[in-house]
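Below is one structure; the comments refer to it alone.
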Amino acid sequence: MSNLRQLDLRLLASLEVLLETRNVSRAAERLSVSQPAMSRILARLRDQFGDPLLVRGRSGMVLTPRAEALRAPLAHWLSQGEAMLHPPAFDPLLLNRRFRVASTDFGIISVITPAMNTIHRASPGSSLAVEPLSTASLSLLAEGRLDVVVTGYRPEGSGLHSHRLFSEHHLGIARADHPADLQALGLDEFLSWPHVVAIVGAGYGDGLGDVLSDMSQRRVLASAASFSTIPYLVAESDALAILPSRAAERFGAVHGHQVFKLPVHPPTFHYYLVWHERSVDDAPTSWLLQQLSASHGEAEGDRLNQSAG
């Protein structure tokens, strides 16, 4: 056989029909070409394969041993090529994929956890590998080393796509038997108690510095690199903490802590799913994004198509 690079791949479909029909006229009719054109195709195939392929026998044309040997691999090759060009309809039930996601523990609580049962039921062979959100996460997304990023920052960068899930505000949290009347807490008293602060992801804090020009009264007893450590830090102290409302309410219910309205209002922020241009036409990634966003609604205009110049 001649070198594969020299083979005219467009002729292979014609070869399959010729091997099946063993007749130039019937092959021409099947492929809607003239008989002379099919004869020229056969001549080219003979030249490229270095074999007659079809020869005259007593009752018509017969296949050469080389042609007989080609039938099965040729059918497989064409079938594989068709599947490559026109993959079967996506079915999550048949999916076996490990999705790579970057998120803070707040994203795990508020976005990933609510979708876990649905993902498992719809696609038992799929799993999520969640790594900590970092300043490198969006770069890793662009490099193909992550599939999805869950973040509280509006994503900006070349080739990034995002969907806004929800807007979030803040609440306070403290141990159940805290000595202060937390539901009637004024700003001065709020600042007089020690605080614990979550500093996670790309430097997220609790936003208090965004609304108070003078932070000298605030005493930070401890800072932590995750939201989920805050309930333990306030459990054994008089410290107060500011958390996104979904985290505060979840931790309050699980740990029996008090959740209270703040005497100040740190800025609200939005939470996003982010993916890269490279995954726009990838059905499994699109399916995962749908599962993660399903419990948060689909607000008109929330989908962004960002491309930095």
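Computed over heavy atoms, backbone and side chain alike; hydrogens, waters and symmetry mates excluded.
Aromatic pair Tyr271/Phe106: ring centres closer than 6.0 Å. Between Tyr232 and His257, the ring centre distance reaches or exceeds 6.0 Å. Aromatic ring centres of His195 and Phe190: separated by under 6.0 Å. When ring centroids are compared, Trp193 and His178 come within the 6.0 Å threshold.
Residue-environment remark: CG (Asp281) stays at or below the threshold of 12 foreign heavy atoms within 6.0 Å. Other residues, nucleotides and ligands contribute more than 12 heavy atoms inside 6.0 Å of the CD atom of Gln183.
Val264 and Val197 are assigned to two separate hydrophobic clusters, defined by single-linkage of ILVMFWY side chains at heavy-atom distances under 4.5 Å. Under the 4.5 Å side-chain heavy-atom criterion for Ile, Leu, Val, Met, Phe, Trp and Tyr, Leu11 and Leu31 are members of the same hydrophobic cluster. Following chains of ILVMFWY side-chain contacts shorter than 4.5 Å, one cannot reach Val234 starting from Ile242, and the two form parts of different hydrophobic clusters.
With a 4.5 Å cut-off on side-chain heavy atoms, Asp47 and Leu45 do not count as touching. Within the 4.5 Å cutoff, side-chain heavy atoms of Ile199 are placed close to those of Ser223. The shortest distance between side-chain heavy atoms of Leu128 and Met116 falls below 4.5 Å. Side-chain contact between Pro231 and Val254: absent, with no pair of heavy atoms (C-beta onward) separated by less than 4.5 Å. Residues Pro284 and Phe90 meet the side-chain proximity criterion, which asks for heavy atoms closer than 4.5 Å. Considering only heavy atoms from C-beta on, Pro179 comes within 4.5 Å of Asp238 through its side chain. Contact check for Ile173 versus His255: no side-chain heavy atoms found under the 4.5 Å cut-off. Using a 4.5 Å cut-off on side-chain heavy atoms (C-beta onward), Val196 and Val220 make no contact.
In summary, the side chains of Asp51 and Thr64 do present a donor paired with an acceptor at a separation below 3.5 Å, with no hydrogens or angles considered. No hydrogens or angles considered: nothing links the side chains of His163 and Ser293 as a donor-acceptor pair under 3.5 Å. Counting only N and O atoms by type, the side chains of Ser25 and Gln35 include a donor and acceptor under 3.5 Å apart.
Side-chain N or O atoms of Arg46 include one that pairs as donor or acceptor with a backbone N or O of Leu54 at under 3.5 Å. Although no hydrogens or angles enter the test, the distance criterion places no donor-acceptor pair under 3.5 Å between the side chain of Ser126 and the main chain of Asn96. No donor-acceptor distance shorter than 3.5 angstrom exists from the side chain of Thr229 to the backbone of Ala225, with no hydrogens or angles considered. In this structure a side-chain-to-backbone donor-acceptor pair under 3.5 Å is present from Arg175 to Asp177. Of the possible polar contacts, none joining the Ser123 side chain to the Ile119 backbone as a donor-acceptor pair under 3.5 Å is found.
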Legend entry - Intermediate values then yes/no, side chain to side chain donor-acceptor pair (under 3.5 Å), Ser228 and Asp105: CA-CA 7 Å; Ser228 55; Asp105 53 343; 2.9 Å; yes
Inset, instruction - Could you check Arg97 against Asp282 for salt bridge (Lys or Arg N to Asp or Glu O under 4.0 Å), going step by step and ending with a plain yes or no? - result: CA-CA 12 Å; Arg97 179 160 165 180; Asp282 180 55; 2.9 Å; yes
Legend entry - Test log, rule side chain to side chain donor-acceptor pair (under 3.5 Å), inputs Thr268 and His169: CA-CA 5 Å; Thr268 59; His169 65 284; over 6 Å; no
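Asp91 is linked by a salt bridge (charged side-chain N to carboxylate O under 4.0 Å, His left out) to nothing, counting only residues two or more places apart in sequence or in another chain. Residues meeting the salt bridge (charged side-chain N to carboxylate O under 4.0 Å, His left out) test with Glu168, sequence neighbours left out: Arg246.
When each of Asn23, Val55, Thr21, Val24 is checked for a side chain to side chain contact (heavy atoms under 4.5 Å, CB included) with Met61, only Val24 meets the rule.
Using a 4.0 Å cut-off between a side-chain N of Lys or Arg and a carboxylate O of Asp or Glu, Glu20 and Arg30 qualify as a salt bridge. Under the 4.0 Å criterion applied to side-chain N and carboxylate O atoms, Arg100 and Glu143 are not assigned as salt-bridge partners.
In this structure, Ile112 and Leu292 approach most closely via the heavy-atom pair CA-CD2, 4.2 Å.
Evaluation of the salt bridge (Lys or Arg N to Asp or Glu O under 4.0 Å) test over residues 218-229, restricted to residues two or more places apart or in two chains, returns Asp206-Arg218.
The OG atom of Ser14 lies 9.5 Å from the CZ atom of Arg44; values are rounded to the nearest 0.5 Å.
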